[in-house]
Number of protein chains: 2
Amino acid sequence: MSQATSGVGSGTGAAAGATTPSDFPDLPEATVARLPEYLRALHQLADTGHDTVSSEALAAAAGVNSAKLRKDLSHLGSYGTRGVGYEISLLIAQIEHVLGLTQRRGVALVGVGNLGHALAGYAGFGSRGFRVVALFDADPRLVGKTINGLVVRHVDLLVEFAPAEGVAIGVIATPASAAQAVADMLVAAGVTSILNFAPCVLAVPDGVDVRKVDLAIELQILSFHEHRKSAAGGAVAVGAGAEALPR
Amino acid sequence: MSQATSGVGSGTGAAAGATTPSDFPDLPEATVARLPEYLRALHQLADTGHDTVSSEALAAAAGVNSAKLRKDLSHLGSYGTRGVGYEISLLIAQIEHVLGLTQRRGVALVGVGNLGHALAGYAGFGSRGFRVVALFDADPRLVGKTINGLVVRHVDLLVEFAPAEGVAIGVIATPASAAQAVADMLVAAGVTSILNFAPCVLAVPDGVDVRKVDLAIELQILSFHEHRKSAAGGAVAVGAGAEALPR
DNA sequence: CGCGATTTGTGCGTGCGTTCACAAGCGCCT
DNA sequence: AGGCGCTTGTGAACGCACGCACAAATCGCG
Ligand SMILES: NC(=O)c1ccc[n+]([C@@H]2O[C@H](COP(=O)([O-])OP(=O)(O)OC[C@H]3O[C@@H](n4cnc5c(N)ncnc54)[C@H](O)[C@@H]3O)[C@@H](O)[C@H]2O)c1
Ligand SMILES: NC(=O)c1ccc[n+]([C@@H]2O[C@H](COP(=O)([O-])OP(=O)(O)OC[C@H]3O[C@@H](n4cnc5c(N)ncnc54)[C@H](O)[C@@H]3O)[C@@H](O)[C@H]2O)c1
């Protein structure tokens with residue numbers, strides 16, 4: 001949750017009827033959000049020489065309840081063996097298939113500033129099924145530069161270049177003031193999935209998914225619990241134990 | 001959701017009974033997660049000269065349902081005026097108080113690499129109630145360097161320095177292989193709130209909150225929906241059919 | 001060949017979160 | 001002063017998600 005997800009399906013014209021539902025049962029959103037975590041844990045287990053894994057062990061590695069994990073896997077018609085567990089390689093293939101990671105998706109990164117630069121050089125993209133295929137920025141000092149083997153193009157060329165580059169997902173790392181305009185361009189370029197790092201709400205047409213990552217929000221949520229802890233029993237009360245401020 | 005949150009309270013010894021519930025009613029987690037978004041929207045409205053705002057308008061600015069917003073605000077004993085709306089400045093103060101943002105919390109950043117460097121220079125911290133007070137890394141080439149007015153210290157000094165610096169929240173931006181060790185150090189230093197950017201599950205004692213941000217997971221969730229869309233609607237999908245953007 | 005140990009898959013109860021819909025309250029206009 | 005329109009606050013219904021607990025299935029061993 002916490003991210004806006006434009007409805008999929010429904011609206012578009014006539015009922016799409018047979019969409020080979022056999023292949024893709026309606027996975028609960030909560031399950032979808034956990035599958036990547038399972039996938040990561042599975043890769044980790046595979047790298048450490050394991051062959052099969054029990055739901056209990058995998059759940060521990062992924063930090064979830066084992067019953068929840070089993071139910072999640074059952075949703076995608078999982079192939080576990082009772083009394084044994086799950087075959088890791090098979091499960092990896094299954095999850096990657098469901099998540100659509102069998103084809104490496106192209107990512108366009110817009111805004112190559114502080115954060116964007118770090119993202120452009122991030123190795124975790126490639127190992128997890130993605131490939132940065134295009135960089136865009138508005139700053140003329142950045143346009144033309146090469147970062148990690150990719151040349152930075154001017155953002156005005158986004159709509160022109162993105163489709164040809166095979167962009168499937170757009171990542172916005174510009175200041176909030178530019179985010180909506182960039183989102184509009186991405187949509188115009190046919191991108192239907194956007195990851196937004198700018199602290200603002202984006203308006204997009206139906207059928208376009210937006211997920212948002214906001215560092216400050218995460219910190220503020222932590223702050224709330226911190227505040228709560230110090231107000232309550234007060235565990236160790238670290239550092240400058242400045243007490244609560246009454247209203 | 002999506003993040004592991006170690007239980008607060010409960011476990012520790014005898015039932016903590018009275019924790020002055022008068023000041024802080026038990027806010028639902030979902031509400032807490034949305035308050036920062038409301039806060040951001042409110043600041044934006046205040047900056048554009050607004051004085052009061054209706055739940056409908058604020059909800060639109062925050063990208064949520066208006067009924068949900070009203071219920072959220074009602075949980076913290078809000079001060080709206082029927083027929084008028086909410087006074088923005090009052091609401092900002094109220095939310096900041098609940099989130100514990102009246103005192104600026106110190107943040108320690110561990111791992112000043114690609115991502116950590118971007119975070120260290122991020123202005124959004126300061127404007128949203130936080131202050132980076134310490135940087136740590138294990139790389140001797142980085143230790144001693146000054147970034148944004150802060151000197152990078154060796155991570156071995158974390159337990160020694162963090163408490164004195166008034167660190168309330170620890171941010172982990174190291175490789176996953178080092179994350180658990182860093183988390184242990186943060187806990188040893190008395191930090192009870194951790195934001196983890198490394199793609200791994202952290203084990204921490206009860207009473208310590210961990211929130212996780214994993215870029216690849218976000219992309220994979222988007223990938224799922226992308227996969228789903230292309231499987232359903234067929235070719236029609238990506239058409240440049242730019243539709244009107246709801247404003 | 002049968003039995004026990006183990007682990008999956010799931011039916012079910014419970015609690016949380018979301019949403020609708022409406023009564024109560026407030027300001028403003030006449 | 002009184003009524004009218006607008007907005008809040010919330011009661012209630014609904015749906016989803018979580019986790020327990022157990023039956024079914026499989027393997028290994030005696
Ligand atoms: N730096 C961080 O650690 C961090 C953390 C969380 C969120 N964010 C958010 O991420 C965004 C980027 O942060 P940053 O620190 O990298 O800022 P930055 O100023 O360093 O980089 C922004 C980049 O976007 C480019 N840009 C501006 N307008 C543009 C446009 N219309 N089209 C294309 N590019 C444009 C700028 O030229 C610049 O290179 C901000 O919204 C910020 O709030 C940053
Ligand atoms: N770069 C990104 O855009 C990005 C995006 C998402 C997630 N991440 C994750 O964030 C983490 C950091 O990514 P990065 O690209 O900055 O990597 P990086 O290698 O550039 O930086 C890691 C830093 O951590 C330091 N370090 C290593 N071991 C340490 C230890 N024990 N104690 C303290 N510091 C230590 C290293 O010296 C280095 O400076 C990784 O886990 C990565 O998966 C990065």
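All figures in this text were calculated on a predicted structure; none of them were measured in a lab. Reminder, nothing fancy here: chain letters follow the sequence lines and each chain counts from 1.
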Task: Euclidean distance, atom CD of residue Glu87(B) to atom P of dT8(D) [Å, nearest integer] - done: 14 Å
Task: Side-chain N or O of Asn65(A) closer than 4.0 Å to phosphate OP1/OP2 of dC20(D) - done: yes
- [ ] Check side chain to side chain contact (heavy atoms under 4.5 Å, CB included) between Ala57(B) and all other residues, then give those that pass, not counting sequence neighbours.
- [x] Val53(B), Ser54(B)
TODO: Whole angstrom is fine here: how far is it from CG in Asp72(A) over to C1' in dG9(C)?
DONE: 13 Å
TODO: Please state how far atom NE2 in His75(B) lies from atom P in dG17(C), giving the value in whole angstrom units.
DONE: 9 Å
TODO: May I ask you to decide if Gly126(B)'s main-chain N or O and Arg104(B)'s side chain share a donor-acceptor pair within less than 3.5 Å?
DONE: yes
TODO: Output yes when Glu37(A) and Lys212(B) qualify as a salt bridge under the 4.0 Å nitrogen-oxygen rule, no when they do not.
DONE: yes
Open item on the list: Check the phosphate of dG9(D) against Tyr79(B), side-chain N and O only, distance under 4.0 Å to OP1 or OP2. Yes or no?
Closed with: no
TODO: Using atom OH of Tyr86(B) as one end and atom P of dG25(C) as the other, report the distance to the nearest whole Å.
DONE: 16 Å
Task: Residues that Tyr122(B) engages under ring-ring contact (aromatic ring centres under 6.0 Å, His included), provided they are two or more places apart - done: Phe125(B)
TODO: Nearest whole angstrom, please: distance from the C1' of dT7(D) to the CG of Leu73(B).
DONE: 13 Å
Task: Rounded distance (Å) that lies between atom C1' of dC18(D) and atom CG of Leu69(A) - done: 13 Å
Open item on the list: Please tell me if Ser55(A) has a side-chain N or O lying less than 4.0 Å from either OP1 or OP2 of dT8(C).
Closed with: yes
Task: Distance-only donor-acceptor check, side chains His50(B) and Gln44(B), under 3.5 Å - done: no
Task: N-O pairing of Asp209(B) and Arg228(A) below 4.0 Å - done: no
Atom pairs under 3.5 Å, N or O on each side, protein against nucleotides 11-14 of chain D: can you list them with distances?
| unit_1 | atom_1 | unit_2 | atom_2 | d |
| --- | --- | --- | --- | --- |
| dG11(D) | O6 | Lys71(B) | NZ | 3.3 |
| dA12(D) | N6 | Lys71(B) | NZ | 3.0 |

TODO: Could you pull out the closest heavy-atom pair between Gln220(A) and Pro36(B), with the gap in Å?
DONE: OE1-CB, 2.9 Å
Task: Distance, rounded to the nearest Å, where Asp51(B) contributes CG and dG27(C) contributes P - done: 15 Å
Open item on the list: In whole Å, I'd like the distance from the CG atom of Leu91(A) to the P atom of dT8(C).
Closed with: 11 Å
Task: Selected nucleotide, minimal atom distance to Lys68(B) side chain, candidates dG9(D), dA17(D), dT19(C) - done: dT19(C)
TODO: With sequence neighbours left out, write down each residue that passes side chain to side chain contact (heavy atoms under 4.5 Å, CB included) with Ala41(B), or none if nothing qualifies.
DONE: Leu58(B), Ala61(B), Ala62(B)
Task: nucleotides 21-30 of chain D: protein proximity per nucleotide (B base, S sugar-phosphate only, - neither; heavy atom, under 4.0 Å) - done: B--BBBS---
- [ ] Using side chain to side chain contact (heavy atoms under 4.5 Å, CB included) as the criterion, list what pairs up with Pro28(A), not counting sequence neighbours.
- [x] Thr31(A), His75(A)
